[in-house]
Amino acid sequence: MESEKKWYVIHTYSGYENKVKANLEKKVHSMAMENEIFRILVPMEDEVEIKDGKKKVAKRKIFPGYVLVEMNVNDRSWYVVRNTPGVTGFVGSGTKPIPLTVAEVKQILKSQGVEEVAKPKVDMKVGEQVRITSGAFENWSGAVTEIHADRGKLKVLVNLFGRETPVELDFSQVEKAL
């Protein structure tokens with residue numbers, strides 16, 4: 001079996017999805033398999049019901065009877081998942097589980113607010129001169145005053161009508177000034 005970190009779908013008894021997730025998380029921890037089985041997800045969405053004129057928001061499983069597992073498939077990890085109570089098997093042909101495509105994973109993770117976005121690498125420092133390459137201040141220059149790598153944003157002081165004005169921009173909107 002291959003050994004590459006991918007997302008797989010496991011089939012469970014209906015209504016047992018959260019129990020399977022909890023059992024599998026316990027097994028991963030107790031058997032020290034954190035390097036083989038990474039994340040376990042039961043995709044949910046908010047469903048709005050109106051009862052007696054009152055709005056009630058309930059969580060609903062998007063894929064009833066299925067749990068998503070990010071893992072390296074090898075004999076040991078396959079056995080652990082397969083033998084978790086409530087699991088009936090992997091989605092795939094015969095004994096070979098089929099991983100989700102990158103596009104499917106992105107769409108599901110985005111719907112769960114667990115979006116995996118490649119963060120742009122910023123090689124700028126506070127005080128450095130940059131040129132704005134897009135947006136309302138395109139072709140203007142300024143000095144970097146703050147860098148928020150976690151959000152992919154930075155603040156640049158732009159000279160606007162003789163006054164220094166802070167402008168928040170995405171990393172993709174600036175380049176180092178020559």
Side-chain angles (χ1 to χ4, degrees), residues 2-10 17-18 20-22 24-29 32-48 55-63 66-74 77 81 91 97-178:
E2 77 255 19
S3 181
E4 192 182 332
K5 180 174 161 179
K6 289 186 177 168
W7 283 93
Y8 295 87
V9 180
I10 53 176
E17 301 88 354
N18 291 329
V20 164
K21 178 181 192 260
L24 194 49
E25 284 171 344
K26 275 189 207 137
K27 262 187 167 181
V28 166
H29 184 68
M33 293 192 67
E34 291 90 348
N35 294 337
E36 295 172 65
I37 301 173
F38 308 97
R39 291 186 282 176
I40 302 152
L41 184 67
V42 179
M44 308 283 268
E45 65 183 359
D46 289 337
E47 188 174 65
V48 178
K55 222 186 212 184
K56 186 179 166 221
V57 178
K59 290 275 186 201
R60 183 178 75 79
K61 291 176 188 82
I62 298 173
F63 308 116
Y66 296 97
V67 174
L68 277 55
V69 181
E70 184 184 30
M71 62 188 283
N72 291 333
V73 171
N74 56 42
S77 65
V81 172
V91 172
I98 297 172
L100 291 170
T101 65
V102 172
E104 289 168 331
V105 171
K106 276 186 179 170
Q107 185 181 355
I108 292 166
L109 291 180
K110 186 176 181 182
S111 77
Q112 298 303 295
V114 195
E115 196 170 353
E116 287 187 337
V117 179
K119 292 205 171 38
K121 185 177 172 285
V122 67
D123 58 349
M124 292 174 213
K125 297 176 185 66
V126 171
E128 194 166 13
Q129 287 294 313
V130 293
R131 190 177 76 77
I132 301 168
T133 57
S134 66
F137 296 97
E138 188 172 350
N139 294 323
W140 289 53
S141 294
V144 176
T145 58
E146 295 175 30
I147 297 174
H148 301 282
D150 54 328
R151 293 183 13 234
K153 301 217 180 264
L154 48 82
K155 278 203 178 141
V156 176
L157 270 187
V158 177
N159 192 332
L160 197 63
F161 307 118
R163 299 180 78 168
E164 297 281 291
T165 307
V167 180
E168 189 173 78
L169 301 160
D170 286 327
F171 289 164
S172 61
Q173 290 181 282
V174 298
E175 64 182 19
K176 285 186 176 190
L178 300 173

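What you see is a predicted model; the values in this text were computed from it and never measured. The chain is numbered in sequence order, starting from 1.
Using a 4.5 Å heavy-atom threshold, the side chains of Glu175 and Val130 count as separate. The side-chain heavy atoms of Leu24 and Val67, taken from C-beta on, include no pair separated by under 4.5 Å. When side chains are defined from C-beta on, Val144 does not count as touching Lys155, because their heavy atoms never get closer than 4.5 Å. By the 4.5 Å heavy-atom criterion applied to side chains, Lys61 and Asn18 are counted as neighbours. Leu41 places a side-chain heavy atom less than 4.5 Å from the side chain of Trp7. His29 is listed as a side-chain neighbour of Glu34, based on a closest heavy-atom distance under 4.5 Å.
Expressed to the nearest 0.5 Å, how far NZ of Lys59 lies from CG of Asp46 amounts to 4.0 Å. Rounding to the nearest 0.5 angstrom, the gap separating the CD atom in Glu168 from the CD atom in Glu146 is 8.0 Å. Note: Ser111 OG to Lys106 NZ = 14.5 Å, rounded to the nearest 0.5 Å. To the nearest 0.5 angstrom, Phe63 atom CZ is 12.0 Å from Glu17 atom CD. Summarising the geometry, atom CG belonging to Leu100 is positioned 5.5 Å from atom CG belonging to Leu68; distances are rounded to the nearest 0.5 Å. In this structure, CD1 in Ile62 is found 4.5 Å from CD in Glu45, a value given to the nearest 0.5 Å.
In this structure, the side chain of Gln173 engages the main chain of Asp170 through a donor-acceptor pair within 3.5 Å. The closest donor-acceptor contact from the side chain of Ser77 to the backbone of Asn72 lies under 3.5 Å. A donor-acceptor pair under 3.5 Å is formed between the side chain of Gln112 and the backbone N or O of Met44.
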Using side-chain contact (heavy atoms from CB on, under 4.5 Å), reason through Val91 and Tyr8 one step at a time and then give a plain yes or no.
CA-CA 7 Å; Val91 172; Tyr8 295 87; over 6 Å; no

- Query: Would Asn159 and Trp140 satisfy side-chain contact (heavy atoms from CB on, under 4.5 Å), going step by step from the backbone distance to the final call?
  - Reply: CA-CA 9 Å; Asn159 192 332; Trp140 289 53; over 6 Å; no

inquiry  = If you apply the rule side-chain contact (heavy atoms from CB on, under 4.5 Å), what do you find for Glu128 with Lys176, and how did you get there?
reply    = CA-CA 8 Å; Glu128 194 166 13; Lys176 285 186 176 190; 3.2 Å; yes

I would like to know whether Phe38 and Val28 meet side-chain contact (heavy atoms from CB on, under 4.5 Å); could you show each step before the answer?
CA-CA 9 Å; Phe38 308 97; Val28 166; over 6 Å; no

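Remark: His148 NE2 is packed, more than 12 non-hydrogen atoms of other residues, nucleotides or ligands lying under 6.0 Å away.
Nearest heavy-atom pair across Ile132 and Phe137 is CB-O, 3.4 Å. Looking at every heavy atom in both residues, Ala143 comes nearest to Gly127 through CB-O, 4.3 Å.
For the side chain to side chain contact (heavy atoms under 4.5 Å, CB included) test with Leu157, the passing option among Val167, Thr145, Thr165 is Thr145; the others fail.
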